[in-house]
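Scroll down for the structure; my scribbles are underneath it.
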Amino acid sequence: MLKGKVALVTGASRGIGREIAKELAKNGAFVIVNYHGSKEKAQNVVEEIKADGGEAISYGCNVASFSETEHMIAELVKTYQRIDILVNNAGITRDNLIMKMSEEDFDCVLEINLKGTFNTIRHISRQMLKQRAGKIINIASVSGVLGNAGQANYAASKAGIIGLTKTMARELAPRGINVNAVAPGFIKTEMTDILSDAVKEQAVSQIPFKRFGETKEVAQTVVFLASDAASYITGQVLCVDGGMAM
Ligand code: NAP
């Protein structure tokens, strides 16, 4: 389905990003597994993809840095001549109630989640415009759609990603580029492992499907949006959340 396509997945060393990288590769794409701190884990993802018959490399870059992302994308374009699929998945949480939230925790979540998404799109858009084709998929969150107590920084970053997605969809549609967001609900990863049992139980009670989602359920949605099957879909926010935000 994605044979011959070059895909960059940010934050693909673990969790949802890892699964997206594997699923894109399984469908034929050449995948660049981006990471920041977890070099070894990213290399393991590459090895798993190769063992499965796919093609991938790992590439370290802090997406919060404008100049680092510029360098990464310039180097990838020089080497591979094109980038067909960009998945902005890198993200962090620093949860706290607003009264206790530090300026640093607000800023770093916005820097990585929202500015990181801007950075990659900013630097890749020139190449995609030249190609007159491309698929950009931004990983938002149900928190950015509904809001979530204790996540002012995170929800603001994800709501920002939704605004960015819709604006990019309008700007880039005339050149055949699709820009969409996927908004996961509670998915089983290291990000949600740290939640207390009480918080997990409370979360499950709000999910119509009464369970957390699997990383694969998000990854398969991303593959759909990256494929020609989604050629007439742009500017949308697809919630993969067991029904939370209906
Ligand atoms: P995770 O397991 O904590 O993984 C986060 C990934 O982001 C890691 O690969 C990490 O790489 C990367 N990352 C962090 N800072 C980075 C930076 N500055 N530059 C490049 N990469 C960076 O998280 P996850 O649960 O898989 O979440 C993935 C995405 O889905 C995030 O955007 C998150 O907000 C979103 N999401 C998750 C859930 C959920 O329930 N899990 C729900 C809604 C949305 P390194 O370790 O190499 O730094």
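Sequential numbering from 1 along the given sequence is applied to the chain's residues. Ligands are counted one by one from 1 in listed order, and the atoms in each one are counted from 1 as well.
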Does Gly11 reach ligand 1 with a nitrogen or oxygen that is under 3.5 Å from one of the ligand's nitrogen or oxygen atoms?
yes
Protein residue, atom and distance nearest to atom 41 (N) of ligand 1, heavy-atom basis
Thr189 OG1, 3.1 Å
Numbered in order shown, the ligand 1 atoms found under 4.0 Å of a heavy atom of Gly15 are 2 (O), 26 (O)
At what distance is the nearest protein heavy atom to atom 48 (O) of ligand 1, and which residue and atom is it?
Gly37 N, 3.0 Å
Answer with yes or no whether Ala140 contacts ligand 1, where contact means a heavy atom under 4.0 Å from a ligand atom.
yes
Using a strict 4.0 Å cut-off to heavy atoms of Tyr35, name the atoms of ligand 1 that fall inside it.
47 (O)
Is it the case that atom NZ in Lys100 sees more than 12 heavy atoms from other parts of the structure closer than 6.0 Å?
no
Measuring from atom CD1 of Ile85 to atom CD1 of Ile136, what distance do you get when rounded to the nearest 0.5 angstrom?
11.5 Å
Numbering as shown, the atoms of ligand 1 that approach Asn34 to under 4.0 Å (heavy-atom distance)
20 (C), 21 (N)
When you measure from atom 4 (O) of ligand 1 to every protein heavy atom, which one gives the shortest distance, and what is it?
Arg14 NH1, 3.4 Å
Do any nitrogen or oxygen atoms of Pro184 come within less than 3.5 Å of a nitrogen or oxygen of ligand 1?
no
Can you find a non-hydrogen atom of Gly60 under 4.0 Å from ligand 1?
no
Of Ser13, Gly91, Cys61, Cys108, the one whose closest heavy atom lies nearest atom 20 (C) of ligand 1 is Cys61
Tell me, please: is Phe212 in heavy-atom contact with ligand 1, that is, under 4.0 Å?
no
Does any donor atom in the side chain of Thr120 or Asn88 lie under 3.5 Å from an acceptor atom in the other side chain?
yes
Below 4.0 Å from ligand 1: does a non-hydrogen atom of Lys188 turn up there or not?
no
Contact with ligand 1 for Ser143, non-hydrogen, under 4.0 angstrom:
no
With a 4.0 Å cut-off on heavy atoms, is Thr10 in contact with ligand 1?
no
Charged N to carboxylate O below 4.0 Å: is that the case for Glu190 and Lys41?
yes
For the residue pair Pro184 and Asp241, what are the closest heavy atoms and their distance?
C-CB, 4.4 Å
For atom 22 (C) of ligand 1, the option (of Ala21, Ala90, Ala42) bearing the nearest heavy atom:
Ala90
Quick one: look at Phe186 and ligand 1, take heavy-atom pairs under 4.0 Å, and tell me if it's side chain, backbone, both or neither.
backbone
Out of Asn89, Asn62, Ile139, who is nearest to atom 31 (C) of ligand 1 when you count heavy atoms only?
Asn89
Does Lys200 have more than 12 heavy atoms from other residues, nucleotides or ligands lying within 6.0 Å of its NZ?
yes
